[in-house]
A.B. asks: 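First the structure, which I've put down as structure tokens, then a few questions once you've had a look.
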Number of protein chains: 2
Amino acid sequence: MATPPDEQHLCLDNQVCFSLYRAANAMVRAYRPLLEELDLTYPQYLAMMVLWSDNGISVKLLGEQLKLDSGTLTPLLKRLESKGLLHRGRSEQDERVRVIELTAAGQALKQRASQVPEKMFCLLGLEVEKLQSLKQLCDELNQVLDQR
Amino acid sequence: MATPPDEQHLCLDNQVCFSLYRAANAMVRAYRPLLEELDLTYPQYLAMMVLWSDNGISVKLLGEQLKLDSGTLTPLLKRLESKGLLHRGRSEQDERVRVIELTAAGQALKQRASQVPEKMFCLLGLEVEKLQSLKQLCDELNQVLDQR
DNA sequence: CTAATTTATATTGTGTACAATTTAATTGCT
DNA sequence: AGCAATTAAATTGTACACAATATAAATTAG
């Protein structure tokens, strides 16, 4: 009505981005107790997930999948290494490249992690269809934002 | 088909949460150049947005709106104070309470920020309907996750 | 076949997030 | 009034994110 456009747009309640930001924070928070049992943070869990299906990958490829850079991944991977879950080796062909290889313990953790997605689904407590739409919309947003 | 359930669920591509996490990171990244002109980070911009409509609020109330705790807000507000955008006073009635009041500069910044939502909308490059659905779904998720 | 360029990580520095703890002020209870 | 319990912020410590820069190995160009 009489509300000037600034008031309208500069309002928290009207902002998709704030909802998204809040949801991401809340989601990571919700994962915490589940992942605590595995002694992993959410970003560490993501890295392990990539490695469980793509063992022996480089930091660069890992970063491309997770959309994270070496500034984030180097210390994260060092922490996972110090927990004995992986080894940060070097490529034979290219000495610059770190080859990340899971240890037996790292491989084994996959079994214990296999319950996590199911538990998280219950915690999220939204219908599958809604979660699918949410994922779809986030993916569209990611596609747009990635190419800039 | 032959893929065991672990493989299926422990895959990055099948996870809503990862899409959400990526999208939130990408969104904050996209804000950066816009907010750089205002010398604000995205969380700082959020705090300013609350204060532009609710000046003189306490840290607690600010935290309730942003869903952030004093561990995050105290240093953030100190940074905004050192930029001369606000003053961290004390309530007369209750000495524990910090009353956050915008300075003239803090008030004035609202004008320069008024272009940000429009610019961000263009950057996001999704149809209004999709952004609305996205917001709606994030809000539903927030509602579920908040009450735990 | 070097010198310049590119590429893969690492490092540095800033700013969140958040759990856990601490401090100080207020409220409730008896 | 006096003291335990509560509450509001602040502090401490850990772990991201990411820009900017540095380093070292590989590739390319002349």
Side-chain angles (χ1 to χ4, degrees), chain A residues 18 20-33 35-36 38-48 57-64 66-83 88-100 145-146 148, chain B residues 18 21-36 38-48 57-64 66-83 88-100 145-146 148:
Chain A
F18 175 60
L20 187 68
Y21 166 81
R22 257 189 73 181
N25 282 347
M27 180 273 291
V28 171
R29 225 176 291 139
Y31 261 109
R32 199 177 303 262
L35 294 178
E36 213 151 65
L38 310 180
D39 189 31
L40 292 178
T41 64
Y42 182 65
Q44 287 168 9
Y45 168 68
L46 290 178
M48 291 301 289
I57 212 177
S58 70
V59 173
K60 180 181 163 54
L61 286 177
L62 186 59
E64 279 170 10
L66 298 178
K67 304 292 171 189
L68 294 172
D69 70 2
S70 70
T72 302
L73 289 177
T74 298
L76 185 152
L77 291 169
K78 281 181 179 175
R79 274 175 220 117
L80 291 175
E81 184 176 44
S82 76
K83 290 179 195 182
R88 298 162 61 247
R90 294 280 190 190
S91 161
E92 299 272 309
Q93 300 86 41
D94 187 339
E95 278 293 317
R96 292 169 304 178
V97 174
R98 285 273 188 199
V99 171
I100 312 300
L145 292 178
D146 278 357
R148 309 230 175 195
Chain B
F18 176 60
Y21 166 81
R22 258 189 72 180
N25 282 346
M27 182 273 290
V28 170
R29 225 176 290 140
Y31 261 109
R32 200 177 300 264
L34 302 185
L35 294 179
E36 214 151 64
L38 309 180
D39 189 29
L40 291 177
T41 63
Y42 182 65
Q44 288 169 7
Y45 167 69
L46 291 177
M48 291 302 290
I57 211 178
S58 70
V59 173
K60 181 181 161 57
L61 286 176
L62 187 59
E64 278 171 10
L66 298 179
K67 304 291 170 189
L68 294 172
D69 70 3
S70 69
T72 302
L73 288 177
T74 298
L76 185 152
L77 291 169
K78 282 183 179 174
R79 273 173 219 120
L80 291 175
E81 185 175 45
S82 77
K83 289 178 194 181
R88 298 162 60 246
R90 293 282 189 188
S91 161
E92 299 273 309
Q93 299 86 41
D94 189 337
E95 279 292 318
R96 290 170 305 179
V97 174
R98 284 274 188 198
V99 171
I100 311 300
L145 292 178
D146 277 357
R148 309 227 176 199

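Reminder, nothing fancy here: chain letters follow the sequence lines and each chain counts from 1.
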A.B. asks: Whole angstroms only, please: what is the CG-P distance between A/Leu73 and C/dT12?
C.D. replies: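 The answer, rounded to whole Å, is 18 Å.
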
A.B. asks: Whole-Å distance between C/dA17 P and B/Lys78 NZ?
C.D. replies: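 So the two atoms are 18 Å apart, to the nearest Å.
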
A.B. asks: Please find the earliest and latest nucleotides of DNA chain D, in the 5' to 3' direction, that have an atom within less than 4.0 Å of any heavy atom of chain B.
C.D. replies: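 Extent of the interface on DNA chain D: D/dT7 to D/dA19.
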
A.B. asks: Is there side-chain contact between A/Leu76 and A/Pro43, with heavy atoms separated by less than 4.5 Å?
C.D. replies: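 A/Leu76 vs A/Pro43: side chains touch.
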
A.B. asks: Kindly say if A/Arg88 contacts the phosphate of C/dA10, meaning a side-chain N or O under 4.0 Å from OP1 or OP2.
C.D. replies: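 True: A/Arg88 side-chain N/O within range (under 4.0 Å) of C/dA10 OP1/OP2.
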
A.B. asks: In whole Å, what is the span from the CZ atom of A/Arg96 to the C1' atom of C/dA8?
C.D. replies: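 One finds 6 Å between C1' of C/dA8 and CZ of A/Arg96, rounded.
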
A.B. asks: Across the strands shown, which category fits B/Glu64 at heavy-atom distances under 4.0 angstrom: base, sugar-phosphate, nothing?
C.D. replies: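 Nothing, no nucleic acid heavy atom in range.
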
A.B. asks: Under 4.0 Å, counting only non-hydrogen atoms across every strand here, what does A/Arg79 touch: a base, just sugar-phosphate, or nothing?
C.D. replies: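 Sugar-phosphate contact only.
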
A.B. asks: Is it the case that the side chain of B/Lys67 and the backbone of A/Ala26 share a donor-acceptor pair, with hydrogens and angles ignored and the cut-off at 3.5 Å?
C.D. replies: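 Checking the backbone N and O of A/Ala26 against the side chain of B/Lys67, no donor-acceptor pair under 3.5 Å is found.
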
A.B. asks: Closer to the 5' end of DNA chain D via nearest nucleotide, is it B/Leu61 or B/Arg32?
C.D. replies: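 Checking each residue's closest nucleotide, the 5'-ward one belongs to B/Leu61.
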
A.B. asks: Is there a side-chain contact between A/Thr41 and A/Val28 in this structure, where contact means two heavy atoms from C-beta onward sitting under 4.5 Å apart?
C.D. replies: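 They are not in contact (no side-chain heavy atoms under 4.5 Å apart), so the answer is no.
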
A.B. asks: If you pin B/Val59 and A/Asp69 to their nearest nucleotides in DNA chain D, which one's is more 5'?
C.D. replies: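 Nearer the 5' end of the strand: B/Val59.
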
A.B. asks: Output the rounded distance in Å from CZ (A/Arg98) to P (C/dT9).
C.D. replies: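 So the CZ-P distance, A/Arg98 to C/dT9, works out to 9 Å.
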
A.B. asks: State whether the side chain of A/Arg98 and the backbone N or O of A/Arg88 hold a donor-acceptor pair below 3.5 Å, judged by distance alone.
C.D. replies: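 Yes, A/Arg98 side chain to A/Arg88 backbone: donor-acceptor pair under 3.5 Å.
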
A.B. asks: Calculate the interatomic distance between B/Lys83 atom NZ and C/dT14 atom P; express it in whole Å.
C.D. replies: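 The answer, rounded to whole Å, is 13 Å.
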
A.B. asks: Would you indicate what A/Glu36 reaches in the nucleic acid, counting non-hydrogen atoms under 4.0 angstrom: base, sugar-phosphate, or nothing?
C.D. replies: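 Answer is nothing: A/Glu36 stays at 4.0 Å or more from every strand.
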
A.B. asks: When we call it a touch if two heavy atoms are under 4.0 Å apart, what does A/Thr41 touch: a base, just sugar-phosphate, or nothing?
C.D. replies: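 Counting heavy atoms under 4.0 Å across all strands, the contact made by A/Thr41 is with sugar-phosphate only.
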
A.B. asks: Can you tell me which residue among A/Leu68, A/Leu66, A/Leu145 is in a side-chain contact (heavy atoms from CB on, under 4.5 Å) with B/Asn25?
C.D. replies: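 Among A/Leu68, A/Leu66, A/Leu145, the one meeting side-chain contact (heavy atoms from CB on, under 4.5 Å) with B/Asn25 is A/Leu68.
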
A.B. asks: For the pair made of CG in B/Leu46 and P in C/dT16, what is the distance, rounded to whole Å?
C.D. replies: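 Distance check: B/Leu46 CG to C/dT16 P gives 10 Å.
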
